[in-house]
Peer 1: 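Before anything else, here's the structure in question.
Since this is a predicted model, take the numbers as computed values, not measurements.
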Number of protein chains: 2
Amino acid sequence: MIKLTKTFAALADPTRLRMVERLMGEGELPAGDLVSDFEMSGPAISRHLKVLREAGLVSQRAVGTHRYYAVRPEAMRAISNWTMDHRAFWAESLDRLDSLLALDPEED
Amino acid sequence: MIKLTKTFAALADPTRLRMVERLMGEGELPAGDLVSDFEMSGPAISRHLKVLREAGLVSQRAVGTHRYYAVRPEAMRAISNWTMDHRAFWAESLDRLDSLLALDPEED
DNA sequence: CCGTTATTTAACATTTACGTTAAATAACGA
DNA sequence: TCGTTATTTAACGTAAATGTTAAATAACGG
C-alpha cells in the first residue's frame with residue numbers, strides 16, 4: 001500500500017521531482033543517466049533514488065552493472081486519486097460554473 | 001505562483017495532511033478546533049498551520065481573536081494539474097484499455 | 001585474474017524540521 | 001482596567017534530511 005505522506009515527502013525535493021519528471025517523459029533510465037543531469041555527486045543521486053524507491057515512486061531493474069529506474073504508475077495514480085477524492089472541494093466553483101453554463105442557465 | 005515542491009513538503013507530514021483533509025471536508029475552521037483534533041500542543045499546531053500557509057495551501061482569516069483557516073482550492077488544483085500533465089504516462093494502460101473497449105475493438 | 005565502469009554503502013558535517021514549555025499579543029467581557 | 005481566552009513567537013533540544021568524499025560491490029572485457 002502506498003503511504004501518501006511518503007509519496008509527498010519523496011516529491012518535496014526539487015532534485016527528486018525533476019528526476020521523476022524526466023523518468024515519466026523518457027521512460028526507464030539507468031542511474032548514471034540521471035547523475036549527469038544534476039550538479040551533484042553520484043552517491044547523492046543514488047540516495048535520492050533510494051528515497052524514491054522506498055516511497056514506492058520508482059522501480060529498479062538490474063541489467064549487468066546498470067540499474068534502470070522507472071516511475072511506478074500506481075504511485076502517480078495514488079496522488080491523482082487523492083486529489084479526485086477531494087475534487088468536490090477544490091473544483092467546486094468550476095463545477096458550478098460548468099453546471100450553470102452547460103445545464104442550468106436559470107439564475108441571473 | 002505555487003511551488004510544487006513546497007506544496008508536497010507541506011503535505012508530507014501526517015498531521016498537516018489530516019488538517020488539510022479535515023478543512024476540505026468541513027470548510028473553514030479556527031485554529032483551536034484543529035488543536036483539539038491532535039494530541040499535540042497548541043504551538044505545534046500553530047506552526048503546522050504556518051507551514052501550510054507559507055506553502056500556499058491554506059488561507060487565514062482573522063475574526064476577533066480567532067484565526068480561521070481554509071484550504072485554498074488553487075493549491076489542490078495545482079497538484080491535480082501536475083498529475084494531469086503527466087497523465088499520458090501513468091494512465092497509459094488504462095487509456096489504452098478504455099480506447100480498446102470504447103472505440104477500437106479490432107485486435108484479438 | 002585485473003583494471004575499468006556502474007552504483008551503492010559508510011562515515012561525517014551541516015542544515016532543517018518538529019515537538020516542548022514559557023512568554024508575548026491581542027481581543028473579550030465583566 | 002483586568003483577568004481570561006485564542007493564538008503566535010521565542011528559545012531550546014533532538015531527530016531527520018542532504019551533501020561530500022572514501023571505500024565496498026559487482027559485472028565487464030581483455
Peer 1: Distance check needed: C:dC12 C1' versus A:Arg47 CZ, whole Å only.
Peer 2: 11 Å

Peer 1: Counting any heavy atom closer than 4.0 Å, what does A:Glu39 reach on the DNA or RNA strands: base, sugar-phosphate only, or nothing?
Peer 2: nothing

Peer 1: May I ask you to verify if any side-chain N or O of A:Gln60 is less than 4.0 angstrom from the OP1 or OP2 atom of C:dT7?
Peer 2: no

Peer 1: Does either side chain, that of B:Tyr69 or that of B:Gln60, offer a donor lying less than 3.5 Å from an acceptor on the other one?
Peer 2: yes

Peer 1: Can you measure B:Asp13 atom CG to C:dC18 atom P for me and round it to whole angstrom units?
Peer 2: 5 Å

Peer 1: Please report the distance, rounded to the nearest Å, between CG in B:Asp33 and P in D:dA6.
Peer 2: 10 Å

Peer 1: A:Arg72 side chain to A:Gly56 main-chain N or O, any donor-acceptor pair under 3.5 Å?
Peer 2: yes

Peer 1: Specify the closest pair of heavy atoms between A:Met76 and B:Thr83, including all atoms of both residues, with the distance to one decimal.
Peer 2: CE-CA, 4.4 Å

Peer 1: Rounded to whole angstroms, how far apart are NE2 on A:His48 and C1' on C:dT8?
Peer 2: 15 Å

Peer 1: Closer to the 5' end of DNA chain D via nearest nucleotide, is it B:Ala31 or A:Val51?
Peer 2: B:Ala31

Peer 1: Would you sort out whether B:Trp82 and B:His86 count as a ring-ring contact (aromatic ring centres under 6.0 Å, His included), showing the intermediate values?
Peer 2: CA-CA 7 Å; B:Trp82 182 74; B:His86 297 285; 5.4 Å; yes

Peer 1: How many Å lie between NE2 on B:His66 and P on D:dA6, as a whole number?
Peer 2: 6 Å

Peer 1: Can you confirm whether B:Glu39 is buried at CD, in the sense that more than 12 heavy atoms of other residues, nucleotides or ligands lie under 6.0 Å from that atom?
Peer 2: no

Peer 1: Taking only N and O in the side chain of B:Tyr69, is any of them less than 4.0 Å away from OP1 or OP2 of D:dT8?
Peer 2: yes

Peer 1: Please report, rounded to the nearest Å, how far the P atom of D:dA6 is from the CZ atom of B:Arg61.
Peer 2: 17 Å

Peer 1: If I take atom CD1 in residue B:Ile45 and atom P in nucleotide D:dT8, what distance separates them, rounded to the nearest angstrom?
Peer 2: 10 Å

Peer 1: Hey, does the side chain of B:Thr65 come within less than 4.0 Å of D:dA6's phosphate (OP1/OP2), counting only N and O?
Peer 2: no

Peer 1: Assuming nearest nucleotide by heavy-atom distance, tell me which of A:Gly42 and A:Arg16 is located more 5' along DNA chain D.
Peer 2: A:Arg16

Peer 1: Can you see if the side chain of A:Ser46 gets near the phosphate of C:dT7 - specifically, an N or O under 4.0 Å from OP1 or OP2?
Peer 2: no

Peer 1: Identify which nucleotide among C:dA10, C:dT7, D:dT7 has an atom closest to any side-chain atom of A:Pro43, counting heavy atoms from C-beta outward.
Peer 2: C:dA10

Peer 1: Under 4.0 Å, counting only non-hydrogen atoms across every strand here, what does A:Phe38 touch: a base, just sugar-phosphate, or nothing?
Peer 2: nothing

Peer 1: Rounded to whole angstrom units, what separation is found between the CE atom of A:Met40 and the C1' atom of C:dT7?
Peer 2: 16 Å

